[in-house]
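FYI, the numbering just counts along the sequence from 1.
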Amino acid sequence: MQLVLEKRAERSATIALVSPLIAIGLTLVTMSILFAILGKNPSSALGVYFIDPLIDDYSLQEIAVKATPLVMIAIGLSLCYLANAWNIGAEGQFLIGAVAGSWLAVKTQGTDAGHWVLPAMLLLGALAGALYALIPAICKVRFGASEILTSLMLVYVADLLLDYLVRGPWRDPKGFNFPTTAEFDPVATVPVLIEGGRLHLGAIIALAVVAAGAVLLGRTINGFEIRVVGAAPRAARFGGFNATRLILLTFAISGALAGLAGIIEVAGPVGHLQPGISPGYGFTAIIVAFLGRLNPIGILVAALFLALTFIGGEQAQIAMKIPLDVTKVFQGILLFYVLACDSLILYRFRLIAASSKVQSGAH
């Protein structure tokens, strides 16, 4: 007997719905084994990761703060992936948006500028992110270059540019030589929603992005074109859909949302530009997009779950001395299982006899 993968005649809607839950379950089992290897009680560690943050008001706010950039970036990535365009460089677009918006905050520092500063910063961040994302998109449609490689390599360019600016021309002269800009003026910061916490207006913007994404994909011609081009390219060509235009459009929207998330993060929770403003939001958002089945509502739920792992990881580091890098391990394992379980949507396991395989080969 031999276990083989057999292509399904049609996609299973039930497996598509259950697949993320299977992936999460397998990830929790794997993490329990890892905690045991580290000499920690698995049930206690999982409790610190996934239960304790949910019973503390401040932690709940922090979950929303962490989920905000994940939602915005993942919505944009989902548009690319549905169109079969693979933007892997959202981290770089996030950083370049933060840099572009921060430029205005730095230039208007201490000038008593009006309330127009923050909207202009958000616009600059989104525009910069869109233009940065169009670089790999144009390279793909014009030269046939792999958008996976070009978008990923541009992450390092953005990271090094940010590092140069905060260590050089934008460094705060009163910052005791730390690589950071001066604190942004109040007119250049995102308003806080709850006094004494860090939950900010960006969370409302993220919910608006979810609603806009749902309308775009479910109620507009462009959304229909995106889904058709990704699912059935030949049918899309027959229908006269312009795949090149859609690639440029989805990359531009994806980059704009990542750049907007970047400047919101800097002007909100951080308050100034510095290295390490992102704990890997752009890469984690890839997991969020697939865990949410490339659906805006699913992405919102998945973002909250991944944000929970960030907060739980920080609490586990304090309470149980578990390395913070275990959170990245958790996210990597989750992505592995999500992609592995997704194969069940297109294929099913089947046991066949060796003799049957030989006979089919002979025919």
Side-chain angles (χ1 to χ4, degrees), residues 66-83 85-105 121-141 145-166 190 202 205-206 209-210 212-213 216 226 246-270 273-290 294 296 299 303 306:
K66 294 288 187 183
T68 294
L70 292 176
V71 168
M72 299 177 67
I73 299 170
I75 293 289
L77 291 180
S78 69
L79 300 180
C80 288
Y81 299 158
L82 284 170
W86 300 97
N87 181 8
I88 308 297
E91 180 79 358
Q93 294 143 30
F94 177 94
L95 296 177
I96 212 71
V99 167
S102 296
W103 169 82
L104 184 59
M121 289 170 59
L122 300 183
L123 181 61
L124 279 175
L127 181 61
L131 293 176
Y132 205 63
L134 282 174
I135 296 174
I138 292 172
C139 289
K140 175 182 174 63
V141 301
S146 169
E147 72 275 26
I148 295 175
L149 293 178
T150 52
S151 62
L152 183 59
M153 291 301 100
L154 285 170
V155 173
Y156 300 100
V157 176
D159 191 27
L160 291 172
L161 174 62
L162 183 155
D163 197 66
Y164 161 73
L165 290 172
V166 296
V190 178
I205 296 176
V209 170
V210 171
L216 173 64
I226 288 171
L246 283 178
I247 289 173
L248 295 175
L249 174 65
T250 53
F251 262 85
I253 294 175
S254 179
L257 289 176
L260 181 60
I263 186 55
I264 287 176
E265 182 71 10
V266 170
V270 180
L273 190 65
Q274 65 180 32
I277 58 173
S278 170
Y281 286 135
F283 297 117
T284 305
I286 298 173
I287 306 174
V288 171
F290 282 106
L294 306 181
I299 284 172
L306 267 294

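The distance from atom CD1 of I277 to atom CD of E265, rounded to the nearest 0.5 Å, is 7.5 Å. Here the CD1 atom belonging to I73 is positioned 11.5 Å from the CD1 atom belonging to I75, to the nearest 0.5 angstrom. Summarising the geometry, atom CG belonging to L77 is positioned 11.5 Å from atom CD1 belonging to I287; distances are rounded to the nearest 0.5 Å. Atom CD1 of I138 sits about 11.0 Å away from atom CZ of F251, to the nearest 0.5 Å. The line from CG of L216 to CG of L82 is 10.0 Å long, rounded to the nearest 0.5 Å.
Among residues two or more places apart in sequence or in another chain, the side chain to side chain contact (heavy atoms under 4.5 Å, CB included) test is passed with L246 by E225, I226, V229, L249.
When all heavy atoms are compared, the tightest approach of P296 to G213 is CG-C, 3.6 Å. Here the closest non-hydrogen pair linking Q274 and L162 is O-CD2, 3.4 Å. Closest heavy-atom contact between S102 and V266: OG-CG1, 3.5 Å. Among all heavy-atom pairs drawn from V288 and I299, the shortest one is CG1-O, 3.6 Å. Across every non-hydrogen atom of G202 and V190, the tightest pair is N-CG1, 3.9 Å. The shortest non-hydrogen separation linking A90 to A258 is O-CB, 3.8 Å.
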For residues 91-100, which side-chain donor-acceptor pairs fall under 3.5 Å, sequence neighbours excluded?
| from | atom 1 | to | atom 2 | distance (Å) |
| --- | --- | --- | --- | --- |
| E91 | OE1 | S278 | OG | 3.3 |
| E91 | OE1 | Y281 | N | 3.4 |
| E91 | OE1 | G282 | N | 2.6 |
| E91 | OE2 | S278 | OG | 3.0 |
| Q93 | OE1 | N87 | ND2 | 3.1 |
| Q93 | NE2 | N87 | OD1 | 3.2 |
| Q93 | NE2 | G89 | O | 3.2 |

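You'll find the side chain of Y132 reaches within 4.5 Å of the side chain of V157, heavy atoms only.
Among I264, T68, V71, the one residue that satisfies the side-chain contact (heavy atoms from CB on, under 4.5 Å) test with I205 is I264. P136 pairs with exactly one of T150, L152, I88 by the side-chain contact (heavy atoms from CB on, under 4.5 Å) rule, that one being T150.
Proximity of a side-chain donor or acceptor of S254 to a complementary backbone N or O of C80 within less than 3.5 Å is not detected. Side-chain atoms of E147 come within 3.5 Å of backbone atoms of W86 as a donor-acceptor pair (strictly under, hydrogens ignored).
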Show your reasoning for whether side chain to side chain contact (heavy atoms under 4.5 Å, CB included) applies to I286 and Y81. CA-CA 10 Å; I286 298 173; Y81 299 158; 3.6 Å; yes
Using the side chain to side chain contact (heavy atoms under 4.5 Å, CB included) rule, take I263 and L124 through it: C-alpha gap first, then chi angles, then the decisive distance, then the call. CA-CA 9 Å; I263 186 55; L124 279 175; over 6 Å; no
